[in-house]
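Just below is one structure, and these are the notes that go with it.
Here the structure is a predicted model, which means the values were calculated and not measured.
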Amino acid sequence: MILLWNFALCSILVTVGAIDTDEVYHRTHQDVDPDTLPLTSQGGLRWCDLGVSFEPCPLNTSDMQEKYADHGTGFRAREDNFCLDDALWLLHPSSGFVADGSLCGIIGPSGAGKTTFLNALGSTTPKSSGVYLTGSVWYEALLNENNSPKYQRQRLSQKDGDIAMLSQNDHFFDMLTPRETLEFAAYLEDQKQKSKDSTTNTNSTSYIELAEKTLSSLGLLSVADRRIGDRTKMEGGGNDGISIGWGKTKRGRSKVRRSGGLSGGERRRLSVAIELITEPKIFLADEPTTGLDSAQAEKVVKLISRLARERSVPSVCTLHQPKTSIWKTLDSFILLAPGGKMCYAGDRKDATAYFKEIGYECPHDTNPAEYFIDLVTIDTEDQEKANDDIARIDFLHHRFLDSCSRNESSNLDIGAQQYTQEVFAVQSSAERVRIVLVLQSTVHRFRALLRRSWWQNARNLRVNALRLSASVVQAALFAAIFPSVRDDKSLTKSIADRVALLTYGVINMSMMSLMKTLDLFARERKVVTREQMRNSYSSLQYLMAKALAEIPLDTLFGFIFAKVLKSLTGLRTSFARLAKTYCLMTITSVSLGFAIGSLTTSPDTAMSLGVPIMIVYMIVGVINPSGVNPDEAPNALMKTLRRLSPIRWAIEAVVTAEFRGMEFGEKDRSPWGALKDLPKMGGLAFIKDGDEVLANLGLENASYTDMMSSLSKLAGLYLIVSWIGLTFFGPQFIDTAPPSIN
């Protein structure tokens with residue numbers, strides 16, 4: 001417990017340090033001549049020379065912008081021999097603009113770079129991908145002061161909640177309800193804003209009202225109190241489930257009963273709600289219709305379009321094969337060909353006329369989206385057709401570049417806005433946030449994390465019931481397998497069975513705790529990563545909340561197992577020592593599960609890594625009941641593995657507690673009787689007391705207290721490894737360069 005509180009204190013200090021060293025961007029701008037504005041003068045998402053390559057670009061963004069300057073306000077592409085090799089580019093450089101309140105779709109065949117483009121816009125291109133980004137992305141805010149339009153370029157940050165990124169798959173804490181999920185997200189955002197601005201004075205229930213408003217706007221009130229993952233809901237449904245309030249210590253709650261769960265469409269809407277709870281500047285969605293039927297897919301796309309208009313947020317989404325009704329929902333679209341070549345970008349309504357003009361007329365009875373995708377699809381089975389497809393794509397790509405250079409009034413406004421001098425300066429925060437305010441925010445966020453983790457564990461009644469039953473049944477089974485471990489049986493003949501019984505008990509509890517932790521921790525990792533990308537809390541805060549929520553339940557199962565085992569057998573050690581050993585063993589196994597889970601990205605990977613590790617620990621940690629040879633010293637590798645094995649320390653601790661000071665009390669035992677037991681007991685047949693047993697097992701100088709101390713230190717070590725894994729081994733992304741205007 002002391003170790004956990006030390007971690008919590010470190011969490012507070014880390015948070016304070018992070019806020020003290022925070023930097024802010026201060027932007028200056030000058031008035032823009034109204035005559036230079038495009039026809040669709042408004043704010044929105046803009047990117048310049050954005051590309052993804054397999055090799056680093058030799059020119060920086062400023063050089064590229066200067067090179068492109070002669071192309072006016074249209075699409076700007078290099079006409080020299082720089083980086084024209086198609087094999088070099090995963091996404092060819094492009095520039096564009098999506099206005100506030102509009103929905104832009106990205107379409108194209110598989111392998112066209114749709115997700116790559118979206119990741120580049122959202123600054124979520126993994127560093128591990130080995131690719132390089134060129135260009136800049138920013139939010140262009142249109143300011144009207146004294147009837148004089150001003151433009152302000154604002155860099156987009158995931159940590160500040162500027163970017164809402166909807167992934168293809170939905171990730172939630174499945175034991176929570178939609179209302180609790182949104183309240184938690186809103187509460188974290190509220191606390192983050194308070195920690196940044198000491199003058200913030202928001203109502204304590206503002207986050208609850210925000211969550212309720214979001215539920216209503218996305219049509220989730222009818223399922224607001226229904227659990228997400230296991231298809232259960234709060235009794236009463238709808239608004240009858242009273243919010244617990246993440247910032248409160250006591251709130252009324254209704255009971256839980258079995259019922260239907262969230263459908264695919266409802267889960268998708270909940271994902272949208274989570275992304276929009278932070279009021280982002282842009283909304284990006286990677287194939288939001290994945291896994292939905294056509295009706296639900298249409299509803300989700302129309303929902304995104306409606307929210308984009310209502311909140312005046314530029315929205316971009318990738319679509320695999322949009323049907324006609326979804327196609328008509330788009331305001332504009334981008335057509336990408338394999339290799340990330342842009343073949344069209346502009347108003348959806350102008351697309352058919354544009355392609356007809358260049359010789360590709362869409363049939364009246366064909367979905368335009370399907371027709372355009374077919375135009376840029378390469379036949380991989382027929383080489384002759386593939387060559388024709390490649391030639392057609394190159395023609396469409398270069399024809400579009402030419403048209404953009406000539407047309408300065410593109411409805412998507414692909415070109416760069418005309419700016420006067422604009423300066424981005426980075427400077428340290430003008431004033432430090434008050435320590436008291438930071439501590440308050442840290443404590444509140446930690447409390448919310450602890451409550452969420454506790455609910456995620458305590459509400460999983462099925463798993464907890466199975467673990468409870470397994471603890472009782474396995475203890476009874478072990479007692480039946482080793483009938484010689486009884487009070488009325490010979491102590492001498494039960495030596496090997498006692499060692500085996502205690503060993504199997506340790507292995508059983510360690511494996512149960514580890515497997516559960518690996519599965520749950522890895523499944524939560526996606527949600528935690530998303531929240532940490534927004535800087536909602538630190539890795540240390542999450543880890544400590546997770547540990548404090550899981551350890552009580554795991555120690556309870558260890559306690560029950562020890563109680564049943566002690567009552568059904570004639571183990572000599574006290575129940576207190578037996579329970580203490582098994583409980584600490586479960587804690588260490590949970591810590592090991594955290595460590596392995598923090599270094600992996602999926603439950604399958606965690607299991608694949610965790611099971612072999614535990615088997616190795618089991619092999620090096622098990623005691624040979626026949627005794628050990630002191631002349632055969634283990635090598636350096638075996639010594640290291642034994643030091644890291646929690647099974648080794650737990651087995652040695654409980655065996656030491658069992659045999660230390662044991663008197664067999666069998667005075668009539670003769671040497672002939674020992675010889676008869678020799679085939680079964682080996683060298684232990686001649687043992688006369690417990691201390692001699694320990695000496696024969698290589699534990700002559702072993703101390704129960706020292707073994708338990710080593711097990712505790714190992715639990716702390718694994719917690720430290722978990723923090724390192726969460727902090728430094730999480731996903732890291734490539735950011736684009738800041739815009740630069742010469």
Side-chain angles (χ1 to χ4, degrees), residues 1-21 126-128 158-159 442 445-446 449-450 453 510 513-551 554 584 586-614 616-617 637 640-646 649 709-734:
M1 185 62 68
I2 295 177
L3 177 65
L4 296 180
W5 282 115
N6 287 338
F7 268 99
L9 180 59
C10 291
S11 173
I12 294 175
L13 295 177
V14 169
T15 304
V16 172
I19 294 179
D20 283 344
T21 57
K127 287 186 177 180
S128 59
Q158 285 274 4
K159 291 185 176 181
T442 301
R445 281 185 278 187
F446 177 79
L449 286 167
L450 178 61
S453 297
S510 63
S513 299
L514 179 69
M515 294 299 102
K516 183 270 303 180
T517 303
L518 286 177
D519 178 67
L520 188 60
F521 192 84
R523 284 192 288 113
E524 293 178 1
R525 188 69 187 274
K526 296 289 186 181
V527 182
V528 175
T529 299
R530 180 184 66 207
E531 293 170 343
Q532 287 191 311
M533 285 174 61
R534 297 173 178 169
N535 205 26
S536 298
Y537 49 81
S538 68
S539 299
L540 199 56
Q541 286 176 313
Y542 166 73
L543 180 62
M544 296 314 304
K546 182 74 174 169
L548 289 177
E550 290 201 15
I551 285 175
D554 287 280
L584 184 55
T586 60
I587 294 174
T588 308
S589 297
V590 169
S591 301
L592 177 59
F594 290 161
I596 297 174
S598 68
L599 300 174
T600 56
T601 57
S602 67
D604 293 338
T605 306
M607 289 291 183
S608 300
L609 181 62
V611 173
I613 289 178
M614 187 55 81
V616 171
Y617 284 165
L637 175 61
T640 302
L641 291 175
R642 282 176 56 79
R643 290 191 184 100
L644 295 176
S645 173
W649 296 114
S709 175
S710 298
L711 194 58
S712 301
K713 293 177 181 178
L714 201 58
L717 173 64
Y718 287 139
L719 284 177
I720 294 174
V721 173
S722 305
W723 172 74
I724 294 175
L726 288 173
T727 305
F728 301 103
F729 289 86
Q732 298 182 0
F733 306 103
I734 307 173

Check P603 against D519 and note the closest heavy-atom contact, atom names and distance.
-> CB-OD1, 4.2 Å
Validation row: L711, P646 side chains within 4.5 angstrom (heavy atoms) | yes
Within the distance-only criterion (no hydrogens, no angle test), does the side chain of S645 pair as donor or acceptor with the backbone N or O of Y617 below 3.5 angstrom?
-> yes
Working to the nearest 0.5 Å, report the span between CG of L543 and OG of S591.
-> 8.5 Å
Check step by step if side chain to side chain contact (heavy atoms under 4.5 Å, CB included) holds for L717 and L644.
-> CA-CA 9 Å; L717 173 64; L644 295 176; 4.0 Å; yes
Y718 and its side chain to side chain contact (heavy atoms under 4.5 Å, CB included) partner, picked from L592, V590, I587 | L592
Minimum-distance pair of heavy atoms, taken over all atoms of G610 and I596 | CA-CD1, 3.6 Å
Got a second to check how far M544's CE is from S722's OG, nearest 0.5 Å?
-> 10.5 Å
Is there a donor-acceptor contact under 3.5 Å from the side chain of E524 to the main chain of F521?
-> no
With distance as the sole test, does S598 use its side chain to make a donor-acceptor pair with the main-chain N or O of A595 at under 3.5 Å?
-> yes
Return the minimal non-hydrogen interatomic distance between A549 and L450, and the atom names on each side.
-> N-CD1, 3.9 Å
How many angstroms lie between atom CG of L520 and atom CZ of R525, to the nearest 0.5 angstrom?
-> 13.5 Å
Return yes if some donor-acceptor pair links the side-chain N/O of W649 with the main-chain N/O of R643 below 3.5 Å, else return no.
-> yes
Assess whether side chain to side chain donor-acceptor pair (under 3.5 Å) is satisfied between Q532 and S539, documenting all intermediate values.
-> CA-CA 8 Å; Q532 287 191 311; S539 299; 2.9 Å; yes
Distance in Å, T605 OG1 paired with L518 CG, rounded so as to fall on 0.5 Å steps = 11.0 Å
Is any side-chain heavy atom of F729 closer than 4.5 Å to a side-chain heavy atom of V721?
-> no
I would like to know whether M515 and M614 meet side chain to side chain contact (heavy atoms under 4.5 Å, CB included); could you show each step before the answer?
-> CA-CA 10 Å; M515 294 299 102; M614 187 55 81; 5.6 Å; no
Go through the steps to decide whether S712 and L584 satisfy the test side chain to side chain contact (heavy atoms under 4.5 Å, CB included), and finish with yes or no.
-> CA-CA 7 Å; S712 301; L584 184 55; 3.4 Å; yes
Aromatic ring pairing Y537/Y542, orientation class (parallel under 30°, perpendicular over 60°, tilted between) | parallel
Sidechain-backbone polar pair: T600 side chain, G597 backbone, donor-acceptor under 3.5 Å = yes
Mind checking the CG-NZ spacing from L726 to K546? Nearest 0.5 Å is all I need.
-> 11.0 Å
Atom CG in L514, atom OG1 in T588: separation rounded to 0.5 Å?
-> 11.5 Å
